[in-house]
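Values in this document were obtained by computation on a predicted structure and should not be read as measured data. First the proteins, then the strands, lettered A, B, ... as listed; each starts at 1.
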There are 2 protein chains.
Amino acid sequence: MESRIERIKKQLHGASYKLTPQREATVMVLLENEEDHLSAEDVFLLVKERAPEIGLATVYRTLELLTELKIVDKINFGDGVARYDLRQEGATRFHHHLICIECGSVDEIQEDLLGEVEKIVETRFQFTVKDHWLTFHGICKRCKQKENKKK
Amino acid sequence: MESRIERIKKQLHGASYKLTPQREATVMVLLENEEDHLSAEDVFLLVKERAPEIGLATVYRTLELLTELKIVDKINFGDGVARYDLRQEGATRFHHHLICIECGSVDEIQEDLLGEVEKIVETRFQFTVKDHWLTFHGICKRCKQKENKKK
DNA sequence: CTAGATGCAAACATTTTGCATGATT
DNA sequence: AATCATGCAAAATGTTTGCATCTAG
């Protein structure tokens, strides 16, 4: 069984990009922090732990590369910082996010909830959907529980 | 019949903000370009036409204010620039966008297509939805017509 | 009259780029 | 060996802030 990291490496190779230690370390960091939504700076600091000589510019260049190859998605939650999120293997659409306006947590929804909605968009607006970006703002489960305990 | 601009002015007043000529000019520009998705710089240049002494910082401060009052929404389509979009009067949710990956056009969908999806999120993830942000990437009607003509 | 708003310039934060050096295929 | 990738520093971009001045209420 081939591991996820190996497949990503092959993807890089396949697109005729060199497999440098810096790129490898960056991919590893992304895999190990799949739950998080790391900024370039975050990735830089984590990569630095295992490859201290790496420069921030290289991280930016690698993340751009991975975005191009659709291995990661670049997201922007409104603060001025770009974050990078691994795409599920084989997924044709980006996953959804739940952002809590109380605690700032970001949860992911892997299921695609937009099948019907995309059909409507395709027929009613004659727009061929290639990808989607859906984010909900609201109150998360955990904060609601906290609220209830107070009462 | 009260005009939209007057109601916005009252909202400003109501929140005890002063109604300066600069703020008025900024709101006018937003109303006159409701279809567009103007950046702060865009707004600045347009406001400058009618109030040449205005400074960019004031535009930023006004746009922040209007965002706070939910008169406009601050959006980020992935390029590093924040754009500002008037919210429909009385709308509790932000409207959706269709971004064409061919020509870069941004169309708006005012109808709320997410009623059912929000219900699922509320029950399945116990997340109370306050607002949503939905963007589709794909090929717009116009670009598809151009494609067909070529054949 | 006074709190709040403005314009300007400087500061900030993030991201991009130029270039000489270094490493991968 | 040749091409592509890297690190560093400088530059570019977009946004925010400090402060003296001004103005709407």
Report task. Measure from CD1 on B/I54 to P on D/dT21 and round the result to the nearest Å. Result -> 21 Å

**Report entry** Whole angstrom value for the distance that separates P of D/dG7 from CZ of A/R23
**Finding:** 11 Å

Query raised in the report: Does the pair A/E118 and A/H132 meet the rule for a side chain to side chain donor-acceptor pair (under 3.5 Å), with working shown?
Result: CA-CA 9 Å; A/E118 287 196 359; A/H132 60 226; 2.7 Å; yes

Query raised in the report: Between B/Y17 and B/A57, which is nearer to the 5' end of DNA chain C once each is assigned its nearest nucleotide?
Result: B/Y17

Query raised in the report: Quick one: B/E24 CD to D/dA24 C1', roughly how many Å, whole number?
Result: 13 Å

Requested in this report: Calculate the interatomic distance between B/E41 atom CD and D/dT16 atom C1'; express it in whole Å.
Outcome: 15 Å

Query raised in the report: Whole-Å distance between D/dG14 P and B/F77 CZ?
Result: 16 Å

Report task. For B/P52, answer base if it contacts any base atom (sugar-phosphate contacts may also be present), sugar-phosphate if it contacts only those atoms, and nothing otherwise; contact means non-hydrogen atoms under 4.0 Å. Result -> nothing

Report summary line: Ranking C/dT15, D/dA24, D/dT15 by distance to the side chain of B/T20, first place goes to D/dA24

Query raised in the report: So what does B/E53 touch, heavy atoms closer than 4.0 Å: a base, only the sugar-phosphate, or nothing?
Result: sugar-phosphate

Requested in this report: Enter the distance from A/L113:CG to B/L114:CG here, rounded to the nearest 0.5 Å.
Outcome: 9.5 Å

Query raised in the report: What about B/K18, does its side chain sit under 3.5 Å from the base of C/dA3 through a donor-acceptor pair?
Result: yes

Query raised in the report: Taking only N and O in the side chain of A/Q22, is any of them less than 4.0 Å away from OP1 or OP2 of C/dA23?
Result: no

Requested in this report: Measure from CZ on B/F44 to P on D/dT13 and round the result to the nearest Å.
Outcome: 16 Å

Report task. Using the six-membered ring wherever Trp is involved, compare the ring planes of A/W133 and B/H137 and label them parallel, tilted or perpendicular (cut-offs 30° and 60°). Result -> tilted

Query raised in the report: Side-chain N or O of B/H13 less than 4.0 angstrom from OP1 or OP2 on D/dG25?
Result: yes

Report task. Please name the pair of heavy atoms, one in B/H97 and one in B/I75, separated by the smallest distance, quoted to 0.1 Å. Result -> CE1-CD1, 4.1 Å

Query raised in the report: When you check the phosphate oxygens OP1 and OP2 of D/dT15, does a side-chain N or O of B/Y60 lie under 4.0 Å from one of them?
Result: yes

**Report entry** Spacing of A/L12 atom CG relative to D/dA5 atom P, expressed in whole Å
**Finding:** 10 Å

Query raised in the report: If you measure from NZ on B/K144 to SG on B/C100, what distance do you get to the nearest 0.5 Å?
Result: 9.5 Å

Query raised in the report: Is there a donor and acceptor pair, one atom on the side chain of B/R61 and one on the base of C/dG4, closer than 3.5 Å?
Result: no

**Report entry** For atom CG of B/D79 and atom P of D/dA12, their distance in whole Å
**Finding:** 20 Å

